[in-house]
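All heavy atoms count here, side chains included; hydrogens, waters and symmetry mates do not.
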Amino acid sequence: MESLVNKYVKRTSPTSLVIGKGFVPNMNVPGKVFANSTLEKLLLDEASEIASGSTGSFIPSLAQVANVAALPGIVGESIAMPDVHSGYGFAIGNVAAFDMDNPSSIVSPGGVGFDINCGVRMLRTNLKEEDVRPVQEQLAQNLFDHVPVGVGSKSLIGARTYSDIDQILNYGIDWALREGYAWPEDKELCEEQGRIVKADANHVSQKAKGRGMSQLGTLGAGNHYAEVQVVDEVFDATSAAVLGLEKGTVCMMIHSGSRGLGHQIASETVTKMESLQEQMGIQVNDRQLVCARIQSKEGEEYLSAMNAAANFAYANRSIMTFLARQAFAKTFNATPDDLDMNLVYDVSHNIAKEEMHLLNGEVRRLLVHRKGATRAFGPFHPLIPTAYQTIGQPALVGGTMGTASYVLLGTDEGMKTAFGSTCHGAGRALSRSKSRAMIDSMDVAERLREANVSARVASSHLLAEEAPQSYKDVFEVVQTCEEAKLSRAAVRMKPVAVAKG
DNA sequence: ATGTAC
């Protein structure tokens, strides 16, 4: 691996590396990794660790990005964001676009992720830091009490029947609006307006629907969280004003996705596509890159089930927004309306989308897989909300427990170099098992106290798994995106109170 | 990420 890296992986700018054809067999396009020298070192360490043979079937992210470049119908480059790390098939942080008018192009569930439409929603308030400090412990507790968290947590609210689930799968946020869980103005501030039209509940199994029924309006576990934050640095005052944010503004982020429902769809699709892979005649470098042609029955069915799961995730984040608004109302003895708890935005960072892009001077219809990557279209793109036309699409980037989060904004340059994409978070640096072995949960809890963060966590081993030391430095990631002009930073937030699985 | 395994 090391000699291959020396031969094929070259630095092309202070923020990018190219992975030349030949690094793995059958590459149709080169790979590109956005990384500064600090992040590059992490990637090379990961690659050399594999060479030492201690990690079983684990494939380092550089090789995963290259294997994706060998998939049929890929255009441009297989692109990795600065927070890239190894995932199932595709790396987490991989962006890959396939020409939808090329009959051999594929869609792969591993390019979307098991948590379909995992994403981040951000709300703001009219509260200031001094309002929240005296009550931050109560607020953390109220959030923890109102929003079901943890593995196997059950829904408090929402669907009662399979018919409800079908409507959620087909209508997304529009179901939540009709049922009174969302505010009308929330809709415009979600990517896709909170509802993907090409969704079909008929392509979602009863088993997946059953899992969704008991999990609607639940946060989940792992790196999912509901976090109260305070804006602590404004990089661009004009854009911040457009977003309704200023230094000291109290806001909150909800990071969650489609729960067991999306996971069930992904697992079933992987199994089905694996059994058909040979007869479909598609060669892949890694079993986990199992896929189907976009234009095949299997491809179309997966995309309509994936879109249905995306709609479930929009409804899920909407219900948790309802619950979080209630938690604030209780804490501050005011209505959510009094507190101006409006959406800033809602983004997806695990999805494949049909989009039009300019490629070599031609407009092309592409299926853009973004797995652990956020769409960040430049200013005046028609799919950006009216209010944000002048500033570009907001990309919401969550840090790790006790560290900063950011609102980034899409750029024209990112449209050209990354299909309008930027990073999604810090990106893991240590596996969960390594984190548990190396990091003491009590130590993490102590550090959170020192940082004046009130935390409520459903399971204690999560503290080690989700410790900042388990992740890359989000600052390096955001800085690299900025220097590479994939996005620019509008504001930074620090955490005040967090509820996690 | 995940009723963390068929």
Side-chain angles (χ1 to χ4, degrees), chain A residues 56-58 61 64 83-94 108-121 147-155 165 204-226 253-272 274-275 287-288 290 305-306 309-310 312-313 316-317 320 347-352 369-374 398 400-401 424-437 457-462 464-466 470-471 500-501:
Chain A
S57 61
F58 182 86
S61 37
Q64 290 192 317
D83 49 334
V84 69
H85 58 113
S86 185
Y88 184 90
F90 286 56
I92 295 158
N94 205 169
S108 174
V112 169
F114 277 64
D115 189 3
I116 296 165
N117 191 8
C118 186
V120 177
R121 173 175 287 203
V147 181
V149 301
V151 179
S153 59
K154 288 282 168 43
S155 182
I165 289 291
V204 176
S205 69
Q206 288 295 103
K207 191 171 180 185
K209 290 175 187 176
R211 289 180 73 172
M213 207 172 326
S214 58
Q215 294 180 336
L216 184 64
T218 67
L219 188 78
N223 67 357
H224 288 167
Y225 55 80
M253 271 188 181
I254 297 172
H255 177 207
S256 184
S258 52
R259 307 285 285 109
L261 180 138
H263 193 276
Q264 188 66 32
I265 291 169
S267 315
E268 288 170 10
T269 305
V270 164
T271 306
K272 191 204 274 180
E274 263 178 351
S275 71
R287 258 192 82 161
Q288 293 186 350
V290 64
M306 178 201 73
F312 180 90
N316 192 35
R317 289 198 286 275
M320 282 187 282
V347 302
S348 170
H349 52 229
N350 269 11
I351 200 158
H369 293 66
R370 290 190 189 85
K371 180 192 194 179
T374 314
T400 58
M401 278 193 309
H424 87 304
R428 286 203 84 87
L430 295 175
S431 69
R432 292 185 180 279
S433 53
K434 266 195 180 172
S435 297
R436 277 202 298 269
V457 184
S459 68
S460 60
H461 64 89
L462 207 89
E465 288 184 12
E466 296 299 322
S470 303
Y471 283 83
K500 277 180 77 73

Answer yes if the side chains of A:Asn117 and A:Arg317 hold a donor-acceptor pair under 3.5 Å, and no otherwise.
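Checked: A:Asn117/A:Arg317 side chains pair up, N/O donor to acceptor below 3.5 Å.
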Verdict with reasoning, A:His424 to A:His255, per ring-ring contact (aromatic ring centres under 6.0 Å, His included):
CA-CA 11 Å; A:His424 87 304; A:His255 177 207; 7.4 Å; no
Rounded distance in Å - [atom1] ([X]) to [atom2] ([N]):
X        : N     : atom1 : atom2 : answer
A:Ile92  : B:dT2 : CD1   : P     : 13 Å
A:Glu268 : B:dA5 : CD    : P     : 18 Å
A:Tyr88  : B:dT4 : OH    : P     : 17 Å
A:Asn117 : B:dT2 : CG    : C1'   : 17 Å
A:Gln215 : B:dT2 : CD    : P     : 8 Å
A:His461 : B:dT2 : NE2   : C1'   : 13 Å
A:Arg259 : B:dT2 : CZ    : C1'   : 8 Å

Which residues pass the side chain to side chain donor-acceptor pair (under 3.5 Å) test with A:Ser108, sequence neighbours left out?
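So A:Ser108 forms no side chain to side chain donor-acceptor pair (under 3.5 Å) with any residue.
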A:Ser431: what forms a side chain to side chain donor-acceptor pair (under 3.5 Å) with it, not counting sequence neighbours?
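With sequence neighbours excluded, A:Ser431 shows a side chain to side chain donor-acceptor pair (under 3.5 Å) to A:Ser433, given in chain and number order.
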Mind checking if [X] touches a base, just sugar-phosphate, or nothing, with heavy atoms under 4.0 Å?
X        : answer
A:Ala266 : nothing
A:Glu465 : nothing
A:Lys154 : nothing
A:Gly152 : nothing
A:Arg432 : sugar-phosphate
A:Gly113 : nothing

Would you mind telling me which residue lines up with the more 5' stretch of DNA chain B, A:Val151 or A:Glu466, judged by nearest nucleotide?
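The residue mapped nearer the 5' terminus is A:Glu466.
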Presence of salt bridge, A:Arg287 and A:Glu274, under 4.0 angstrom
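Salt bridge present between A:Glu274 and A:Arg287.
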